[in-house]
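In what follows, chains are A, B, ... by sequence order, proteins preceding strands, each numbered from 1. Everything numeric here is computed off the predicted structure, so don't read it as measured data.
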2 protein chains.
Amino acid sequence: MYQPHQLRLQNRLLRALDPDDYRLLAGAFEPVQLTLGQHLTEANQPIGHAYFIEEGLVSLLADTMRPAADRVEIGIVGYEGMVGVPLLLGTDRSPHVALVQTEGRALAVPAPVLDEALGMSRTLRGALGRYVQSLIVQVGQTVYANADFNIEARLARWIVMAQDRLGRDELPITHEFLSLMLGVRRPGVTTATHTLEGAGMIRAQRGRITVLDRDKLLALAAASYGLAEAEYERLLKEG
Amino acid sequence: MYQPHQLRLQNRLLRALDPDDYRLLAGAFEPVQLTLGQHLTEANQPIGHAYFIEEGLVSLLADTMRPAADRVEIGIVGYEGMVGVPLLLGTDRSPHVALVQTEGRALAVPAPVLDEALGMSRTLRGALGRYVQSLIVQVGQTVYANADFNIEARLARWIVMAQDRLGRDELPITHEFLSLMLGVRRPGVTTATHTLEGAGMIRAQRGRITVLDRDKLLALAAASYGLAEAEYERLLKEG
DNA sequence: ATGGTATTGTACGGTATCGCACGTTATATG
DNA sequence: CATATAACGTGCGATACCGTACAATACCAT
């Protein structure tokens with residue numbers, strides 16, 4: 001059995017749990033590696049585990065029941081969150097896909113264990129429910145970003161969000177993937193990347209983007225960034 | 001006290017509740033009128049009541065902490081749903097605004113009553129949680145629609161969604177408002193409206209759009225419509 | 001070292017949508 | 001009935017982004 005001390009974990013949700021609530025889950029932790037391209041959940045298939053991310057980056061994609069290529073990213077999850085939100089909401093599946101963007105680690109909790117724990121603890125429901133709330137805000141901000149901001153601003157937003165959720169400055173990501181994330185052409189990402197690099201915001205290498213000047217990125221992303229993140233921090237403290 | 005029989009209500013969530021769960025809420029119902037332009041909830045202000053919509057249409061807007069005009073619609077709610085989702089998720093506020101688009105009626109439930117009822121009933125948590133899930137999918141589809149579909153398709157999507165949630169063919173809505181909903185210029189709505197009218201899909205009058213041929217609208221909206229609605233129906237039956 | 005493959009760079013015509021400005025028409029108000 | 005006002009219609013140059021195509025480069029595997 002793997003039952004690490006709560007405060008040795010990276011996952012911010014687990015760290016913030018009431019110790020009693022933590023114990024309800026910790027006994028069932030299954031540490032798993034997250035490998036690039038892995039699907040943690042499939043569209044409309046039973047979700048067997050919730051995944052509390054310890055390290056790495058996971059994209060939530062709308063499946064859209066269409067040719068593969070026009071899936072769009074609706075949210076991202078890192079060590080601040082979890083995958084498997086439908087399990088918190090009384091169902092075992094959703095039409096979304098959870099795709100590992102950057103390899104890492106997670107603690108998996110079997111759905112029945114989570115379910116029982118939720119039934120026993122109001123505070124656990126609150127803590128994880130508030131995470132759902134922050135995720136809704138994040139998806140809402142993505143709607144806003146796609147409606148009112150150009151590619152460069154959205155790229156800046158994505159980079160900063162990924163930096164937050166990955167906890168480091170080096171983001172392993174290709175233009176191809178970014179074009180999917182942002183819902184734009186791949187060459188559009190290339191030129192936008194050049195602009196950001198020319199402005200000293202990032203350094204771009206093959207398959208990697210490194211944040212050089214976060215403040216400048218924030219200025220470019222402007223109001224497309226920040227609201228969801230502020231809401232997350234507020235909600236985490238509310239517990 | 002106003003405590004109507006469950007099956008005399010319009011609201012689909014309330015109708016689908018387990019009768020025991022219904023009773024937990026029904027004693028506290030406060031019938032309210034929804035008037036055009038009214039804010040049911042304000043950004044970052046305490047949410048005093050949940051509103052189960054009986055009639056009318058409510059838009060959820062991302063507040064975006066910016067000049068008034070660039071708020072964007074992230075979701076809509078009619079008699080199939082409720083306003084006040086954060087109350088289900090362990091918090092009393094959110095950075096979104098709930099704006100009445102079409103006048104109607106709702107049953108308001110004080111937050112403390114809802115909270116207590118949720119604490120007492122796992123099935124109630126499940127039923128309302130599944131609505132949250134359907135709302136997440138709806139917002140996700142809005143991301144997808146804005147990313148991959150032109151104004152005409154998005155207009156068709158919005159019209160059909162509004163028709164669903166209002167339960168009638170006549171939609172009282174101005175181009176000005178639609179431009180806000182779709183995140184586009186107001187004249188862009190005007191010309192798109194003409195296209196749809198020319199194709200016999202709708203009839204447009206001042207401040208009113210009437211659905212004439214829903215099937216054609218569905219064909220135009222294509223994959224931007226349907227996923228969230230299918231998910232809603234699936235989840236409602238799961239209870 | 002070499003060839004193959006994934007990734008990135010560049011180009012170019014086409015178009016959806018924008019921003020802005022100003023008519024025009026319908027409905028409400030006195 | 002007259003007038004105001006809200007809503008809708010139209011025009012036009014600008015531009016961000018698209019679709020497509022292809023070239024160049026970095027990395028990987030044999």
- [ ] Would you please name every residue forming a salt bridge (Lys or Arg N to Asp or Glu O under 4.0 Å) with D169(B), sequence neighbours left out?
- [x]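 With neighbours one apart ignored, the set is empty.
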Task: Overall bend - the helix from dA1(C)-dT30(D) to dG30(C)-dC1(D), comparing terminal axes fitted on five pairs, nearest 10 degrees - done: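 Roughly 40° between the end axes, to the nearest 10°.
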- [ ] For G188(A), answer base if it contacts any base atom (sugar-phosphate contacts may also be present), sugar-phosphate if it contacts only those atoms, and nothing otherwise; contact means non-hydrogen atoms under 4.0 Å.
- [x] nothing
Open item on the list: What's V189(B) touching, base or sugar-phosphate or nothing? Going by heavy atoms closer than 4.0 Å.
Closed with: nothing
Between [X] and [N], does any side-chain N or O lie under 4.0 Å from OP1 or OP2?
X	N	value
H175(B)	dG9(D)	yes
H194(B)	dT10(D)	yes
R185(B)	dC18(C)	yes

TODO: Take the protein atom CG of L171(B) and the nucleotide atom P of dA7(D), then report the distance between them rounded to whole Å.
DONE: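 Atom-to-atom, L171(B) to dA7(D), this comes out as 16 Å.
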- [ ] In whole angstrom, give the distance that lies between atom CD of E176(A) and atom P of dT25(D).
- [x] 20 Å
Task: Matching residue for I173(B) among L57(B), I209(B), T102(B) - test: side-chain contact (heavy atoms from CB on, under 4.5 Å) - done: I209(B)
Closest listed nucleotide, where the reference is the side chain of [X] and the choices are [options]:
X	options	answer
N150(A)	dC18(C), dT8(C), dA16(D)	dA16(D)
R206(A)	dA21(D), dA26(D), dC18(D)	dA26(D)
T174(B)	dA7(D), dA16(C), dG9(D)	dA7(D)

Using 0.5 Å steps for rounding, measure from the [atom1] atom of [X] to the [atom2] atom of [Y].
X	Y	atom1	atom2	result
R234(B)	Y232(B)	CZ	OH	13.5 Å
H96(A)	E231(B)	NE2	CD	8.0 Å
L36(A)	E103(A)	CG	CD	7.0 Å
F177(B)	Q101(B)	CZ	CD	4.5 Å

Open item on the list: Counting distance alone, no hydrogens or angles: does the base of dG9(C) have a donor or acceptor under 3.5 Å from a partner atom on the side chain of R186(A)?
Closed with: yes
TODO: Between I151(A) and G207(B), name the one whose nearest nucleotide on DNA chain D is closer to the 5' end.
DONE: G207(B)
- [ ] Return the 5'-most residue of the pair A147(A), T191(A) with respect to DNA chain C, ranking by each residue's nearest nucleotide.
- [x]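 Nearer the 5' end of the strand: T191(A).
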- [ ] Give a yes or no on whether a salt bridge exists between R12(A) and E80(A), defined as a side-chain N under 4.0 angstrom from a carboxylate O.
- [x]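 The answer is no: the pair does not qualify as a salt bridge.
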